[in-house]
Amino acid sequence: MSTDTLPAKEAAAPAASSPGGRNTLRSKRRRNALRTLAFMSPWLIGFGVFFAYPLVSTLYFSFMKYDGLNPPTWRGVDNWTYVFGEFPQFWPALRNTLWLAVVMVACRVLFGLGVGMLITKIKTAAGVFRTLFYLPYLAPPVAATLAFVFLLNPGTGPVNALLEAVGLPAPSWFNDASWSKPALTVLAVWGVGDLMVIFMAALLDVPKEQYEAAELDGASAWQRFRYVTLPNISPIVLFAVVTGIIGAMQYYTQPIVAAKVASGKMGGSGEVFVPGYPDDSTLTLPQLVYSLGFSQFNYGAACVVALVLFAFSMAFTALLMRRRGGLIGSGD
């Protein structure tokens, strides 16, 4: 049979298998690879400079004795032993951080979803309510925390005065170890405008035909939410939970400002402030990283705490990504 009668692919096969054809194919693949690498280079440079190198350096310094002034010297696992076995503030800070990552994030997501659903149902002055709920998110963290400490002041705050007026118990809030984390949660829920906007956009994208079909089938309001709303917005819920947990793992400004103001020790000239007031209840792992690294100049121990933070963030994220069907429902 003549090669003229062969299909185009079979006729081209001998040419591709020849030395010249192989070189041409190899050269084309190399050009494609270089082109792809050129387009990816900004991300690769950013990843290497701002993530890979700091992570490797943190791991390296966690095994070193380093104060930022003298050259680092090898210590082996001494920093790890000190943090996990001898440093008394590590375990309270870890418990507080995990508590905030679970309770505070859950409250923010639920409240943000609830407000988003409420705003989408309002027919009159929806823009006004949207603005009112979003404005607290724009408040600077320090200013918002200062305002909340004064509002929740157990002696002069208007919140406790109102609770006492209606006959309810008035907690000490930031001055009570059992109420300080709930007070921080209330502060976080107050600034839930970012999640409200995200959930509103997702809720408005849910097909109305599905709601109409569910109503014709006699589905209740809860059933419509469970089997129509939640499956459609499940990626947004997952995004809110994952980013919320990562944010909780980096929670620094609000607890330390609240502790300083509530304790009356603002850390001025000649005044030493130990974070965690009252009774280490507002102490978080990011505060330990700063305290160990920049107050005690123990960079090795600070790197150990930073690696613990990274490990928990990755573990939470991996768990949520693997169990997202059970967490937020399936879209099937």
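Predicted model, so just to flag it, every value in this text is computed and none were measured. Values reported hereafter were calculated over all heavy atoms of this structure, with side chains retained and with hydrogens, waters and symmetry mates removed.
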_Checking N32 against R35: is there a side-chain donor and acceptor pair closer than 3.5 Å?_
yes
*asked:* Assess whether a salt bridge exists between D194 and R108, defined as any Lys/Arg side-chain N lying under 4.0 Å from an Asp/Glu carboxylate O.
replied: yes
_Is there a continuous path of hydrophobic side-chain contacts, each under 4.5 Å between heavy atoms, that joins V142 to L187?_
yes
*Are L110 and W222 co-members of a hydrophobic cluster defined by side-chain heavy atoms under 4.5 Å apart?*
no
*Where F225 and P231 come nearest, the two heavy atoms and their spacing*: O-CD, 4.3 Å
*Should F63 and V56 be regarded as members of a common hydrophobic cluster, given that ILVMFWY residues are connected when their side-chain heavy atoms come within less than 4.5 Å of each other, either directly or indirectly?*
no
_When you compare the side chains of N232 and Q210, does any donor N or O come within less than 3.5 Å of an acceptor on the partner?_
yes
*CE of M200 to CG of L195: how many Å apart, nearest 0.5 Å?*
13.0 Å
*Looking only at non-hydrogen atoms, find the nearest pair between V289 and A302 and report the distance.*
O-CB, 3.7 Å
*Test side-chain hydrogen bond (donor to acceptor under 3.5 Å, both in side chains) on T229 and Y211 and set out the steps.*
CA-CA 8 Å; T229 305; Y211 286 120; 2.5 Å; yes
*Any sub-3.5 Å donor-acceptor pair from S291's side-chain atoms to Q287's backbone N or O?*
no
_side-chain hydrogen bond (donor to acceptor under 3.5 Å, both in side chains) between D279 and S281, intermediate numbers included_ = CA-CA 5 Å; D279 299 330; S281 61; over 6 Å; no
_Ring centres under 6.0 angstrom apart (F61, Y299)_ = no
*asked:* Same cluster or not: Y53 versus Y66, using hydrophobic residues (I, L, V, M, F, W, Y) connected whenever any side-chain heavy atoms lie under 4.5 Å apart?
replied: no
_Taking side-chain contact (heavy atoms from CB on, under 4.5 Å) as the criterion, tell me which of L94, L98, I256, L100 meets it with T284._
L100
